[in-house]
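Note that ligands are numbered from 1 as they come in the structure, with each ligand's atoms numbered from 1 the same way.
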Amino acid sequence: MNDCPFCLIASGEIPCDIIYGDERVVVFADIQPRAPVHLLCAPREHKGSVLEADVSLVGHIFAVIAERHEEWGLAEGFRVVTNCGDNGRQTVGHLHFHVLGGRQLSAGFC
Ligand code: AMP
Ligand code: ZN
């Protein structure tokens, strides 16, 4: 049984307000937002992390972000982050990109 939370969100088995979806990806609000706008962009197909993603998928995700960012309240700028593995503090083992903005973010990365 697949109990991956982001697979369940993508398939509609966990109720979630999906603000964008297409055949490859879903975008939804992070349940624990760290910025006024904190979205997660995840592939519908399970991928453990960015190590399992191909160029086409990553390119598609960034194209969606570029196309939609203004309607998500990110016209003034934003940050895209993907955590990978233990040292990267990845806590959900399904590839996702955090899209953060809605205020000026801190200068540091770590
Ligand atoms: P990471 O630590 O990079 O793996 O990020 C996982 C993110 O998923 C965290 O920011 C969590 O707040 C978020 N998260 C976990 N479960 C859910 C959920 N059911 N809906 C939305 N966001 C979630
Ligand atoms: Zn999954």
Side-chain angles (χ1 to χ4, degrees):
M1 193 181 109
N2 184 356
D3 58 0
C4 168
F6 290 179
C7 282
L8 295 174
I9 285 174
S11 66
E13 290 166 82
I14 288 181
C16 180
D17 187 14
I18 292 177
I19 65 160
Y20 173 85
D22 63 25
E23 69 284 356
R24 300 183 78 182
V25 302
V26 289
V27 181
F28 50 95
D30 195 294
I31 205 168
Q32 208 182 327
R34 268 70 131 229
V37 179
H38 185 173
L39 305 174
L40 301 175
C41 186
R44 287 189 184 276
E45 182 185 351
H46 184 88
K47 306 271 183 197
S49 77
V50 74
L51 296 177
E52 296 177 18
D54 59 25
V55 169
S56 167
L57 175 61
V58 175
H60 180 69
I61 287 170
F62 274 85
V64 168
I65 293 168
E67 188 179 314
R68 301 282 169 155
H69 73 282
E70 290 185 1
E71 73 186 56
W72 296 339
L74 298 169
E76 304 302 316
F78 56 90
R79 181 173 293 159
V80 181
V81 175
T82 189
N83 296 326
C84 182
D86 286 344
N87 279 5
R89 297 244 184 208
Q90 181 179 2
T91 60
V92 174
H94 179 129
L95 173 64
H96 54 282
F97 290 78
H98 298 258
V99 185
L100 299 143
R103 64 165 162 78
Q104 189 164 54
L105 302 173
S106 62
F109 292 108
C110 51

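- Checked against a 3.5 angstrom limit, the closest N/O atoms of Arg34 and ligand 1 fall inside it.
- Every atom of ligand 1 with a heavy atom of Asn83 under 4.0 Å away is listed here by number and element: 1 (P), 2 (O), 3 (O).
- Pairing each heavy atom of Leu74 with each of Gly102, the nearest pair is CD2-N, 3.8 Å.
- Taking every heavy atom of Gln32 and a limit of under 4.0 angstrom, the matching atoms of ligand 1 come to 12 (O).
- A continuous path of hydrophobic side-chain contacts links Val37 to Val25 [ILVMFWY only; heavy atoms under 4.5 Å].
- Scanning the protein heavy atoms around atom 5 (O) of ligand 1, the nearest turns out to be His96 NE2, 3.0 Å.
- Closest to atom 9 (C) of ligand 1, if we only count protein heavy atoms, is Asp30 OD2, 3.3 Å.
- Between Val92 and Pro5, the closest heavy-atom pair is CG1-CG, 4.0 Å.
- The protein atom (non-hydrogen) at minimum distance from atom 14 (N) of ligand 1 is Ile31 CG2, 3.8 Å.
- Contact annotation for Val81 and ligand 1: no heavy atom of the residue comes within less than 4.0 Å of the ligand.
- The distance from the CZ atom of Arg68 to the CG atom of Leu39 is 12.5 Å, given to the nearest 0.5 Å.
- Heavy-atom proximity to Ile9, at under 4.0 Å, picks out these atoms of ligand 1: 18 (C), 19 (N), 20 (N).
- Nearest protein neighbour of atom 4 (O) of ligand 1, counting heavy atoms only, is Thr91 N, 2.7 Å.
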### Message
For a side chain to side chain contact (heavy atoms under 4.5 Å, CB included) check, start with the C-alpha distance between Val50 and Phe97, then their side-chain angles and the critical distance, and finish with the verdict.
### Response
CA-CA 9 Å; Val50 74; Phe97 290 78; 4.3 Å; yes
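- Heavy-atom neighbours of Arg89 CZ from other residues, nucleotides or ligands within 6.0 Å: at or below the threshold of 12.
- Minimum heavy-atom separation, Arg44 to Ala10: NH1-O, 3.1 Å.
- Here the side chains of Pro43 and His94 are in contact, with some heavy-atom distance below 4.5 Å.
- Residue-ligand proximity: Ala29 is placed with a non-hydrogen atom under 4.0 Å from ligand 1.
- Under 4.0 angstrom from ligand 1, there are no non-hydrogen atoms of Ile14.
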Listing, residues 52-60 side-chain donor-acceptor contacts under 3.5 Å, not counting sequence neighbours, or none:
residue	atom	partner	partner atom	Å
Glu52	OE1	Gly48	N	2.8
Asp54	OD1	Ser56	N	3.4
Asp54	OD1	Leu57	N	2.8
Ser56	OG	Arg24	NH1	3.1
Ser56	OG	Arg24	NH2	3.1
His60	NE2	Asp22	OD2	2.7

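- The contact set between ligand 1 and His98, taken as ligand atoms under 4.0 Å from a residue heavy atom, comprises 1 (P), 3 (O), 5 (O), 7 (C), 10 (O).
- The two residues Val81 and Arg79 make their nearest non-hydrogen contact at CG2-CG, 3.8 Å.
- The side chain of Phe6, and not its backbone, has at least one atom closer than 4.0 Å to an atom of ligand 1 (non-hydrogen atoms only; side chain from C-beta on).
- Atoms of ligand 1 lying under 4.0 Å from at least one heavy atom of Leu40, given by number and element, are 8 (O), 13 (C), 22 (N).
- On a distance-only criterion, Arg89 and ligand 1 share at least one N/O pair closer than 3.5 Å.
- Of all protein atoms, those of element N, O or S that lie under 2.8 Å from the Zn ion (ligand 2) number 4.
- Between His96 and His98, the distance separating the two ring centers is shorter than 6.0 angstrom.
- The side-chain heavy atoms of Val64 and Tyr20, taken from C-beta on, include a pair separated by under 4.5 Å.
- No more than 12 heavy atoms of other residues, nucleotides or ligands sit less than 6.0 Å from atom CD of Glu76.
- The distance from ligand 1 to the heavy atoms of Gln90 drops below 4.0 Å at these ligand atoms: 4 (O).
- Between Phe28 and ligand 1, a contact under 3.5 Å exists for no N or O pair.
- The 12-atom threshold is not exceeded at CD of Gln104, counting heavy atoms of other residues, nucleotides or ligands nearer than 6.0 Å.
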